[in-house]
2 protein chains.
Amino acid sequence: MTQRTDIRRRLEEHGIQASAQRLAIAEYVLATDQHPAADTVLEVVAARLPVVSRATVYNTLHLFVEKGLLRELVLSEGRVVYDPKVEPHHHFVDETSGAIVDVPWEALRVEGVPELPGLDVSEFQVVLRGRRRARRRDG
Amino acid sequence: MTQRTDIRRRLEEHGIQASAQRLAIAEYVLATDQHPAADTVLEVVAARLPVVSRATVYNTLHLFVEKGLLRELVLSEGRVVYDPKVEPHHHFVDETSGAIVDVPWEALRVEGVPELPGLDVSEFQVVLRGRRRARRRDG
DNA sequence: ATCGTTCTTAGACTAAGTCCAATCTTCGGT
DNA sequence: ACCGAAGATTGGACTTAGTCTAAGAACGAT
Ligand SMILES: [Mn+2]
Ligand SMILES: [Mn+2]
Ligand SMILES: [Zn+2]
Ligand SMILES: [Zn+2]
């Protein structure tokens with residue numbers, strides 16, 4: 001498996017020195033399509049790696065954010081969540097389950113941002129809330 | 001001053017029994033144009049009212065949210081914030097100061113929300129981040 | 001192999017928020 | 001005005017997410 005080697009290279013390209021812990025964390029958090037919180041990362045990683053501490057998980061997640069591999073999202077109370085999809089997109093929060101669903105950037109058009117007086121906008125996103133509709137069975 | 005009477009009536013119209021603490025909290029949090037956190041509310045209210053507890057501040061803020069007098073916003077880590085402006089609008093977060101600025105609903109146009117497949121959107125807002133531009137002196 | 005740099009760790013600590021049982025207020029009925 | 005039940009408030013213990021620290025382990029260049 002070149003899997004591990006790929007991740008290692010990816011970290012090094014971003015100026016991050018590899019370590020067993022960082023590789024294990026990266027392997028999960030950079031590949032997931034969910035939006036896990038730090039404690040979820042800890043659980044998942046601790047299940048595969050003999051020993052990894054909470055401090056290291058937080059250190060690593062912050063490092064990955066700083067190096068542009070991850071984005072930090074705050075969409076609901078008490079839940080800071082990490083997103084490996086760093087390109088701009090929107091988020092839908094399911095009010096029932098708390099699940100966070102990505103909404104592609106092209107799915108919505110937002111007009112008027114450059115015209116806002118007095119505000120220098122560096123980034124924005126639409127945050128939507130509601131219920132996920134019952135998945136229509138197709139086929 | 002009919003001020004206090006007005007607030008009292010407003011609470012009662014929303015099915016909230018008045019009390020010294022609730023009136024004091026309402027007087028501040030329903031009138032501010034800021035987006036205060038619970039601990040700010042506690043500080044401000046404690047300065048005027050002889051005694052008010054943290055538990056009561058949290059109870060009251062939650063009650064006001066439940067009764068539709070206030071909205072709870074989570075825009076940055078560790079800061080749950082209350083907004084007396086309950087009609088839909090957008091928010092800009094100043095990355096330098098942390099200040100939250102209201103952006104009128106009409107200032108932005110968002111298209112495509114009803115067309116999102118599989119999502120029943122009950123509400124949405126645009127969340128913007130950046131720097132507040134130096135206030136241009138006009139006149 | 002050595003040594004300075006970097007990384008990880010356990011556990012103490014902080015801050016935001018919740019919970020609870022005891023006490024105090026409010027308010028409608030008399 | 002008085003009473004009692006329902007409702008509100010309280011201090012303080014508790015929980016949870018996250019930070020900090022000082023000591024040790026791993027790394028990697030020489
Ligand atoms: Mn963080
Ligand atoms: Mn809350
Ligand atoms: Zn995402
Ligand atoms: Zn607002």
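Throughout, a chain's letter reflects where its sequence line sits, starting with A, and its residues are numbered from 1. What's counted below: heavy atoms across the whole structure, side chains too, no hydrogens, waters or symmetry copies. A quick note: this is a predicted structure, and the numbers were derived from the prediction, not measured.
Base contact: A:Arg54 has a heavy atom under 4.0 Å from a base atom.
Counting to the nearest Å, the P atom of C:dT6 and the CD atom of A:Glu66 are 14 Å from each other. Atom pair A:Tyr82:OH and D:dA17:P shows a separation of 13 Å (rounding to whole Å applied). As a whole-Å value, the separation of B:Arg79 CZ from C:dG17 P is 11 Å. Regarding A:Lys67, its NZ atom lies at a distance of 13 Å from the C1' atom of C:dT6, rounded to whole Å. Protein atom CG of B:Leu61 is 12 Å distant from nucleotide atom P of D:dT9, rounded to whole Å. Look at CG on A:Leu23: it is 13 Å from P on C:dC7, rounded to the nearest Å. For A:Leu42 and C:dA10, the CG to P distance is 10 Å, given to the nearest whole Å. Across the protein-nucleic acid pair, B:Leu63 atom CG and D:dG7 atom C1' stand 11 Å apart, rounded to whole Å.
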- Checking side chain to side chain contact (heavy atoms under 4.5 Å, CB included) for the pair B:Val74/A:Leu75: CA distance, chi angles, key distance, verdict? CA-CA 6 Å; B:Val74 187; A:Leu75 298 175; over 6 Å; no

- Could you walk me through whether B:Leu69 and B:Leu11 pass the side chain to side chain contact (heavy atoms under 4.5 Å, CB included) test, one step at a time? CA-CA 9 Å; B:Leu69 287 170; B:Leu11 295 192; 3.8 Å; yes

- Let me see the working for A:Val45 and A:Val57 under side chain to side chain contact (heavy atoms under 4.5 Å, CB included), right down to the final yes or no. CA-CA 9 Å; A:Val45 170; A:Val57 169; 5.5 Å; no

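Counting only N and O atoms by type, the side chains of B:Thr96 and B:Arg131 include a donor and acceptor under 3.5 Å apart. In this structure, a donor-acceptor pair under 3.5 Å is absent between the side chains of A:Asp102 and A:His90.
Where B:Glu12 and B:Asp39 meet DNA chain C, the nucleotide closest to each residue was compared, and B:Asp39 sits on the side nearer the 5' end.
A:Val44 has its side chain out of reach of A:Pro36: every pair of non-hydrogen atoms, C-beta onward, lies at least 4.5 Å apart.
Remark: A:Arg22 is in phosphate contact with C:dT8, judged by side-chain N or O atoms under 4.0 Å from OP1 or OP2. The shortest distance between the side-chain N/O atoms of A:His62 and the OP1/OP2 oxygens of D:dG18 is not below 4.0 Å. B:Tyr58 has no side-chain polar atom (N or O) that falls below the 4.0 Å cut-off from OP1 or OP2 of C:dT18. Between A:Thr56 and C:dT9 there is a side-chain polar atom (N or O) within less than 4.0 angstrom of OP1 or OP2. Between A:Gln21 and D:dA26, a side-chain N or O to OP1/OP2 separation shorter than 4.0 Å is absent.
Residues that satisfy the salt bridge (Lys or Arg N to Asp or Glu O under 4.0 Å) test with B:Glu123, not counting sequence neighbours, are B:Arg71.
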Interface polar pairs with nucleotides 20-26 of chain C, N/O, under 3.5 angstrom:
none

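Counting only heavy atoms from C-beta on, A:Ala38 has its side chain closest to D:dG18 among D:dT9, C:dT8, D:dG18.
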